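See below for the structure under consideration.
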2 protein chains.
Amino acid sequence: MRPLEEWTTTLSTVELPETPPREDIKGEELQLGLHGQRLGFRVRRLHHLLSQRVEEAFVSYGLRPGSLTMMVLISANPGYSQVELSRIGNLDKSAIVMIVDELEKRGLAIRGRSSSDRRRNSLFLTAQGEKLMKEMHEIAMATEQPLRDGLSAEEYDQLFELLEKARTIVAAST
Amino acid sequence: MRPLEEWTTTLSTVELPETPPREDIKGEELQLGLHGQRLGFRVRRLHHLLSQRVEEAFVSYGLRPGSLTMMVLISANPGYSQVELSRIGNLDKSAIVMIVDELEKRGLAIRGRSSSDRRRNSLFLTAQGEKLMKEMHEIAMATEQPLRDGLSAEEYDQLFELLEKARTIVAAST
DNA sequence: TATTGTTATACTCTATAACTATA
DNA sequence: TATAGTTATAGAGTATAACAATA
């Protein structure tokens with residue numbers, strides 16, 4: 001409802017672009033402009049929304065966001081070292097230290113020291129860790145349920161595969 | 001090449017899961033485990049990769065990551081207030097202050113004060129801002145070129161539309 | 001000399017609350 | 001009383017470098 005009006009600025013004279021009356025803008029109300037061409041912008045918005053939902057769902061567990069990520073990777077790759085797991089998880093090896101500290105303190109994971117290479121830790125989940133991982137994974141999957149309901153099975157599978165294909169392509173480009 | 005071996009832990013006895021020899025694991029080498037079911041995980045990985053590429057491409061400009069985002073939004077919605085623009089940009093109104101400070105300091109944007117409601121700023125890009133925005137947008141688009149080359153036109157359009165559809169669905173779900 | 005894990009540091013991003021000036 | 005912008009602050013996430021133990 002804001003009418004076209006005058007603006008004062010720090011500069012003495014300014015050319016004032018036309019500002020469309022707010023009621024003319026439908027849908028998203030505000031325009032995306034050049035962002036409309038950016039695939040990365042759309043990925044970013046979806047990621048922001050999804051990670052927000054998961055974070056909310058996990059708040060009662062008091063675990064950092066990366067904790068489930070690490071538990072899943074440890075469970076799927078038992079005995080691997082922290083450095084090896086850091087490669088796949090988009091995480092730095094120093095970040096993993098804190099996460100594993102936390103998991104170990106809660107009895108969810110175990111740091112084993114290799115007898116043949118005593119620099120290396122090797123990570124395992126405890127039975128309790130496996131249980132909590134499955135529980136939190138179900139909760140995370142539940143936050144994605146609207147997508148499985150709202151997209152057709154074909155669309156869902158397509159999105160799933162295209163995301164992976166896109167990642168592979170970008171990763172392969174220098 | 002790491003053989004199966006013994007581990008010492010802080011616990012006296014530990015059941016040691018089977019660790020597959022490393023050469024048995026192809027492709028990504030490490031297993032995703034339950035993450036393989038998570039659409040959110042794939043979105044996260046793609047987002048991480050793409051934002052990394054854009055950040056690298058922008059490093060010489062010395063502008064924060066949100067600066068191009070704000071310039072595009074200001075350009076597409078001239079005269080709108082900071083609060084209004086914050087709604088669409090996944091940004092807090094306090095975060096916008098710093099970004100606009102920076103843009104104004106560089107002569108890229110102008111804060112106009114509304115004469116009818118003197119609480120409100122209204123934002124415009126300068127000619128220089130418009131020029132830099134277009135330049136940086138081209139660079140950002142160039143980081144996505146591998147996707148336009150590697151995916152078919154159909155796949156690219158599908159991914160584009162499915163990302164938006166997915167966001168709408170998640171946003172609509174409470 | 002290189003690697004694993006650790007610690008410390010710093011820098012960004014984000015979220016929050018409090019404050020001001022205006023309405 | 002509510003809103004727009006600002007400021008300050010604290011928290012999480014990330015990146016870096018340095019270090020000790022080990023290879």
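Every chain is numbered from 1 and lettered A, B, ... according to where its sequence line falls, protein lines coming before strand lines. Here the structure is a predicted model, which means the values were calculated and not measured.
Side-chain contact between A/Val54 and A/Leu50 is absent, with no heavy atoms from C-beta onward closer than 4.5 Å. Here the side chains of A/Leu123 and A/Met70 are in contact, with some heavy-atom distance below 4.5 Å.
What separates CD of B/Gln82 from P of C/dA21 is a distance of 17 Å, to the nearest Å. Across the protein-nucleic acid pair, B/Asn121 atom CG and C/dA21 atom P stand 14 Å apart, rounded to whole Å. Atom NE2 in A/His47 sits roughly 11 Å away from atom P in C/dT14 (whole-Å rounding). In this structure, A/Arg87 places its CZ atom 11 Å from P of C/dG5, rounding to the nearest Å.
With axes fitted over five pairs at each extremity, the angle between the ends of the helix from C/dT1-D/dA23 to C/dA23-D/dT1 is 10° (10° resolution).
Scanning DNA chain D 5' to 3' for nucleotides with an atom closer than 4.0 angstrom to a non-hydrogen atom of chain A gives a first and last hit of D/dG13 to D/dA23.
With DNA chain C read from its 5' end, the first of the two nearest nucleotides for A/Gln52 and B/Arg118 is the one closest to A/Gln52.
Tested against A/Leu132, the residues A/Leu103, A/Leu108, A/Leu125 include a single side chain to side chain contact (heavy atoms under 4.5 Å, CB included) partner, A/Leu108.
Remark: the A/Arg119 side chain and the C/dT3 base include a donor-acceptor N/O pair separated by less than 3.5 Å.
Using a 4.0 Å cut-off between charged nitrogen and carboxylate oxygen, A/Glu164 and A/Arg167 count as a salt-bridge pair.
Within 6.0 Å of CD in A/Glu154 there are 12 or fewer heavy atoms belonging to other residues, nucleotides or ligands. Within 6.0 Å of atom CD in B/Gln145, more than 12 heavy atoms from other residues, nucleotides or ligands are found, so the atom counts as buried in its surroundings.
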Next item on the list: Go along nucleotides 7-13 of chain C 5' to 3' and tag each nucleotide: B for a protein heavy atom under 4.0 Å from its base, S when only backbone or sugar atoms are that close, - otherwise.
Entry: B-----S
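In this structure, A/Arg111 reaches the C/dT6 phosphate: one of its side-chain N or O atoms is under 4.0 Å from OP1 or OP2.
Side chains of A/Gln128 and A/Arg106: a donor-acceptor N/O pair is absent below 3.5 angstrom, by distance only.
One finds the CG atom of A/Leu85 at 10.0 Å from the CG atom of A/Leu91 (value rounded to the nearest 0.5 Å).
The aromatic rings of B/Tyr156 and B/Phe160 lie tilted to each other, with the angle between the two planes from 30° to 60°.
The main-chain N or O of A/Leu34 is found under 3.5 Å from a side-chain atom of B/His137 such that the two form a donor-acceptor pair.
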Notebook entry, point to check: Run the side-chain hydrogen bond (donor to acceptor under 3.5 Å, both in side chains) check on A/Thr69 and B/Arg44 step by step: do they pass?
Noted result: CA-CA 11 Å; A/Thr69 302; B/Arg44 178 171 177 269; 4.8 Å; no
